[in-house]
Amino acid sequence: MRPTWVYILLCADGRYYTGTYRGEDIETRVDEHNLGVYPKAYTRKRRPVKLVWAGQFQWAIDAIEAERSIKGWSRAKKEALIRGDYEALPGLSKRGPAKDRR
């Protein structure tokens with residue numbers, strides 16, 4: 001079974017792109033973005049792109065769920081993930097940390 005990746009790219013225009021890829025080597029997918037393999041891709045006009053974060057998942061359904069979540073995150077929350085600042089993530093939620101919602 002091939003792993004499924006969720007990844008975040010930093011585009012040349014400073015925007016982030018979040019996607020999924022099913023394969024052994026995430027760099028293969030990054031290369032496809034930089035080569036413009038898919039003409040209608042979001043990143044095609046925003047090249048070059050740089051891989052800033054990637055997470056590997058055993059199950060594709062888990063990766064797809066993670067991708068959808070990350071796409072809805074604020075820039076600050078994505079940057080906390082990229083930095084590996086996992087403690088900051090709950091406080092950067094749109095609804096705030098769970099303790100503040102009581």
Side-chain angles (χ1 to χ4, degrees):
M1 178 183 339
R2 292 183 302 172
T4 304
W5 298 87
V6 177
Y7 60 93
I8 301 175
L9 302 175
L10 176 61
C11 300
D13 64 2
R15 296 179 189 193
Y16 290 116
Y17 172 80
T18 303
T20 56
Y21 171 70
R22 193 158 184 183
E24 295 297 328
D25 182 14
I26 189 63
E27 289 299 330
T28 299
R29 182 65 180 118
V30 176
D31 290 344
E32 289 176 347
H33 281 284
N34 278 316
L35 292 170
V37 171
Y38 302 102
K40 295 182 180 179
Y42 175 86
T43 57
R44 179 144 178 142
K45 294 180 181 177
R46 294 170 171 84
R47 295 178 289 162
V49 299
K50 177 183 171 188
L51 180 67
V52 292
W53 181 87
Q56 188 176 0
F57 292 79
Q58 181 177 1
W59 304 107
I61 193 159
D62 294 333
I64 292 165
E65 184 178 316
E67 176 195 21
R68 286 182 181 156
S69 292
I70 294 168
K71 282 186 174 186
W73 290 1
S74 68
R75 182 177 184 89
K77 190 169 181 177
K78 289 176 187 174
E79 289 176 344
L81 177 66
I82 292 164
R83 289 193 306 274
D85 188 359
Y86 304 111
E87 291 180 10
L89 296 178
L92 294 168
S93 295
K94 291 179 182 174
R95 294 173 50 193
K99 66 180 181 177
D100 294 343
R101 293 194 304 258
R102 290 185 212 156

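The basis for the numbers below is simple: all heavy atoms, side chains too, and nothing from hydrogens, waters or symmetry mates.
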Just jot down the side chain to side chain contact (heavy atoms under 4.5 Å, CB included) partners of Asp25, sequence neighbours excluded, or say none.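 Glu27, Thr28.
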List, one per line, each side-chain donor-acceptor pair under 3.5 Å for residues 8-20, sequence neighbours excluded.
| residue | atom | partner | partner atom | Å |
| --- | --- | --- | --- | --- |
| Asp13 | OD1 | Arg15 | N | 3.0 |
| Asp13 | OD2 | Arg46 | NE | 3.1 |
| Tyr16 | OH | Glu79 | OE2 | 3.0 |

Hydrophobic cluster identity match, Val30 and Tyr21, side-chain contacts under 4.5 Å: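 Yes, it is one cluster - the side chains of Val30 and Tyr21 are joined through contacts under 4.5 Å.
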Joint hydrophobic cluster, Trp5 plus Ile70, side-chain heavy atoms closer than 4.5 Å: no
What's the shortest heavy-atom distance between Leu92 and Ala76, and which atoms?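 Answer, listing the atom of Leu92 first, then Ala76: CD1-O, 3.6 Å.
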Could you list the residues that satisfy ring pair (Phe, Tyr, Trp, His ring centres under 6.0 Å) with Tyr7, not counting sequence neighbours? His33
Between Arg47 (side chain only) and Arg44 (backbone N and O only), is there a donor and an acceptor less than 3.5 Å apart? yes
Using modelled atom types only, decide if a donor and an acceptor are shared between the side chain of Arg22 and the backbone of Thr4 within a distance under 3.5 Å.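 Not at all, since once roles are kept as given, no pair shorter than 3.5 Å links the two residues.
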Besides Val37, the hydrophobic cluster formed by Ile, Leu, Val, Met, Phe, Trp and Tyr side chains linked at under 4.5 Å, directly or via other members, contains Leu35, Tyr38
Listing, residues 53-69 side-chain donor-acceptor contacts under 3.5 Å, not counting sequence neighbours, or none:
| residue | atom | partner | partner atom | Å |
| --- | --- | --- | --- | --- |
| Glu67 | OE2 | Lys71 | NZ | 3.2 |
| Ser69 | OG | Glu65 | O | 3.2 |

Using the side-chain hydrogen bond (donor to acceptor under 3.5 Å, both in side chains) criterion, which residues pair with Lys78? Sequence neighbours excluded. none
